[in-house]
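These numbers come from the heavy atoms of this one structure, side chains and all, not from hydrogens, waters or symmetry mates.
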4 protein chains.
Amino acid sequence: MTLPRAPRGRPRDSRAHQAILTAAAELVAELGYAATSIGAVAARAGVGKDTVYRRWSGKAELVYEAVFTGTEAAPVPDTGSLPGDLTALLEELVQEFSAPAAAAALPGLLADFAASPELQARIRSEFLAPAKAGLVELFERAVQRGEVDPGLPVDLVLDTLAGAIFFHVGLVGEQPSPRLATQLAALVGRGIESR
Amino acid sequence: MTLPRAPRGRPRDSRAHQAILTAAAELVAELGYAATSIGAVAARAGVGKDTVYRRWSGKAELVYEAVFTGTEAAPVPDTGSLPGDLTALLEELVQEFSAPAAAAALPGLLADFAASPELQARIRSEFLAPAKAGLVELFERAVQRGEVDPGLPVDLVLDTLAGAIFFHVGLVGEQPSPRLATQLAALVGRGIESR
Amino acid sequence: MTLPRAPRGRPRDSRAHQAILTAAAELVAELGYAATSIGAVAARAGVGKDTVYRRWSGKAELVYEAVFTGTEAAPVPDTGSLPGDLTALLEELVQEFSAPAAAAALPGLLADFAASPELQARIRSEFLAPAKAGLVELFERAVQRGEVDPGLPVDLVLDTLAGAIFFHVGLVGEQPSPRLATQLAALVGRGIESR
Amino acid sequence: MTLPRAPRGRPRDSRAHQAILTAAAELVAELGYAATSIGAVAARAGVGKDTVYRRWSGKAELVYEAVFTGTEAAPVPDTGSLPGDLTALLEELVQEFSAPAAAAALPGLLADFAASPELQARIRSEFLAPAKAGLVELFERAVQRGEVDPGLPVDLVLDTLAGAIFFHVGLVGEQPSPRLATQLAALVGRGIESR
DNA sequence: TATTAACCGAGACGGTACGTCCGGTCTTGGA
DNA sequence: TCCAAGACCGGACGTACCGTCTCGGTTAATA
């Protein structure tokens with residue numbers, strides 16, 4: 001157990017914290033991920049570079065938190081049918097991935113995460129694990145309704161959904177078609193339904 | 001018509017060209033994409049930096065050619081059935097994406113390509129367009145056999161297949177399961193077959 | 001009035017400052033001015049290149065300070081006679097110009113200074129102006145003793161003395177004859193004395 | 001003995017020779033010595049770089065010939081008196097040194113010559129030796145007229161005259177005062193006359 | 001109330017890579 | 001053998017960031 005470690009000295013300034021996140025999200029949206037530097041984020045936030053490094057280990061962690069942690073974890077959709085649930089889930093995912101800052105950050109972010117085992121583990125546990133849990137819940141209900149068979153390769157389905165959207169958003173660079181979620185839900189939904 | 005533009009002056013040395021590509025592929029496999037610098041590639045190839053910049057505009061273009069252009073364009077599979085064709089196609093794709101240098105390069109490469117409109121266009125026309133053409137051919141045969149309906153969203157299927165594999169390879173960082181191609185072919189194959 | 005401009009942030013490291021100057025002087029003496037690069041100076045000083053560029057705008061300014069600013073401004077000689085004063089002044093000047101680092105640096109330094117209006121102004125105000133002031137003082141005493149007439153072209157005399165020594169040292173490249181100062185003092189001294 | 005070595009193959013193109021010299025003089029006058037590169041000279045002359053290197057060993061030799069060899073060796077002045085001869089000689093020297101291309105080239109040229117023993121020797125033998133010969137001739141006449149004593153340190157006088165003008169032209173960067181030659185002739189003339 | 005520890009902004013630190021430029025050489029096809 | 005063109009290797013340039021460190025100064029909780 002880690003003791004709570006009663007904090008001594010001056011406590012961290014939460015306004016600085018927020019200012020850094022805001023500055024990071026803005027700069028990523030304006031300049032892109034690669035052209036966003038820690039120094040520039042600190043300068044825009046009116047903060048020293050150390051104040052950034054004291055809280056985040058690097059650009060990837062900072063931008064990840066700035067861009068993807070604002071989103072409230074939406075409840076797992078429950079529309080009563082697998083296609084409906086999938087469509088709802090994907091619409092959410094599409095929306096999250098195609099927000100300006102997110103779309104600008106995603107490819108670079110993924111590259112930095114992929115290059116570091118520690119970050120890879122973090123992304124798996126903090127981003128993919130909850131998503132997988134939601135997907136599992138959704139599938140369990142579909143199994144009970146007889147729509148899919150148990151034993152689905154959930155990881156594969158998750159990689160497929162996320163990968164499809166990422167590839168589309170990352171390599172097109174424009175707002176994704178509004179039908180993307182529907183089409184993808186249909187494609188994958190039929191791919192996994194029982195027969 | 002593009003004029004042949006009679007070449008003048010000393011022609012470019014094809015051994016230098018090849019040495020650079022080899023050095024780039026090796027360094028990416030050894031150090032990863034981010035830690036590979038143009039200067040280091042030039043040094044290992046025994047070449048001046050200018051000789052690299054004369055041929056490629058930057059790291060992304062160079063590594064892309066070094067890692068993905070060696071592969072011979074395999075013929076579109078024709079096994080007689082949609083699932084067979086898809087599986088064959090995906091096995092090829094999985095193999096190409098999970099070669100050591102390719103797996104090490106992919107995330108960073110995709111990030112750099114996504115960050116530049118010019119490179120984005122190149123990847124679309126040189127990598128995705130041929131793949132789409134192959135997929136179209138494959139689907140046309142499946143339509144004639146009655147396995148799928150005409151009017152498939154081929155782009156979406158392509159993004160789905162490539163995205164799924166990329167996401168899997170990029171975020172796991174290990175050799176992909178040998179069943180990946182089969183499972184994905186089954187998933188997507190069933191998703192698009194006519195009924 | 002220049003505001004004191006309260007310094008903020010980490011102060012500059014005076015050991016780095018000194019190490020750079022020492023390294024620059026050594027390299028100029030060893031390799032010559034042209035073969036001395038900022039990068040090599042930084043490396044020998046154990047310092048990043050930025051640390052050099054933060055203090056000096058280029059090689060000329062750095063080497064000038066490294067080679068000519070160590071010298072204490074010697075007091076204007078006062079031997080009681082014009083020939084004595086001139087000889088003493090010139091012996092000092094010869095000694096300063098023919099120190100190994102100075103002799104190696106002078107021609108290149110002069111070339112770089114001559115090529116830039118800003119540097120030209122600096123050399124005029126920081127090097128020539130004090131020398132001229134000393135010469136004026138020396139001449140004023142000689143005028144009072146009746147040795148020279150007032151209204152001497154001091155600038156011309158200064159250019160003549162410095163130019164003669166520079167030309168000799170720069171184009172011979174060896175230790176100047178010990179009689180150089182004496183001979184030159186005699187030549188110019190007689191040239192300006194009143195009759 | 002070196003044989004005349006009957007030339008074989010295509011003879012050198014003398015128009016190229018002249019075009020290179022002209023281009024070099026122009027570029028030095030326009031951009032200064034340091035900013036003039038062999039490549040740029042070749043390009044402006046419409047010539048390959050090798051054609052330059054085939055005739056000159058480097059920038060210093062080329063610019064020296066381009067800037068200082070056009071001048072016809074003026075005859076040694078013979079006005080009948082030492083002051084007159086000196087003034088005439090110096091007016092010529094001032095004019096030669098302060099021509100636009102010469103003034104722009106001199107400091108850099110001197111630096112490159114000083115940095116190389118071979119070039120130093122060339123400048124001594126090709127530039128200073130003839131000048132010294134002229135000075136000797138001039139002084140011999142003055143000795144016969146009883147104006148100066150034999151045994152003058154001719155080298156020192158030459159360094160003084162040339163150094164004074166060089167220092168003045170190089171560090172002022174403007175057209176020298178028209179009185180420069182007169183003043184300097186008076187100064188040095190009185191310095192060496194017999195009494 | 002005084003001490004102390006962690007915070008803060010600023011900016012210098014040693015390093016590394018960038019992409020450009022030039023030097024001097026070499027290699028084409030053609031004159 | 002020369003020529004124009006231009007590629008070759010090497011190396012310096014000056015800039016930008018990285019992540020760390022060092023200032024003077026601030027802000028609480030502890031003693």
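In this pair, A/Y64 and A/F127 present their aromatic rings perpendicular. The plane angle is above 60°, beyond the 30 to 60° band.
Near DNA chain F, meaning a heavy atom under 4.0 Å away, the residues from residues 35-56 of chain C are C/S37, C/I38, C/G39, C/K49, C/D50, C/Y53.
In this structure, the CG atom of D/D13 is 7 Å from the P atom of F/dA4, given to the nearest Å. A straight line from CZ of C/R8 to C1' of E/dA10 spans 6 Å, rounded to a whole angstrom. Rounded to an integer number of Å, the gap from CG of C/L27 to P of F/dG11 is 16 Å. Distance B/I20 CD1 to F/dG10 C1': 14 Å, rounded to the nearest Å. With rounding to whole Å, A/D112 atom CG is found 13 Å from F/dC18 atom C1'. One interatomic measurement links the two molecules: OH of B/Y33 to P of E/dA17, which rounds to 15 Å at whole-angstrom precision.
Both C/P11 and B/G9 lie close to DNA chain E; mapped to their nearest nucleotides by heavy-atom distance, the more 5′-ward contact belongs to C/P11.
Taking 4.5 Å as the limit, every side-chain heavy atom of D/I123 sits out of range of all side-chain heavy atoms of D/F68.
Here the closest heavy-atom approach between residue C/T51 and residue C/A16 is recorded as CG2-CB, 4.4 Å.
Salt bridge B/E30/B/R44: present, at least one basic N to carboxylate O contact under 4.0 Å.
Judged purely by atom type and a 3.5 angstrom limit, C/K49 has no side-chain atom pairing as donor or acceptor with the backbone of C/I38.
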Begin with the C-alpha distance, continue with both residues' side-chain angles, and end with the deciding distance and a verdict on side chain to side chain contact (heavy atoms under 4.5 Å, CB included) for D/L21 and D/V67. CA-CA 8 Å; D/L21 291 175; D/V67 167; over 6 Å; no

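In this structure, the nucleotide among F/dC9, F/dA5, E/dT4 sitting nearest to the side chain of B/R10 is F/dA5.
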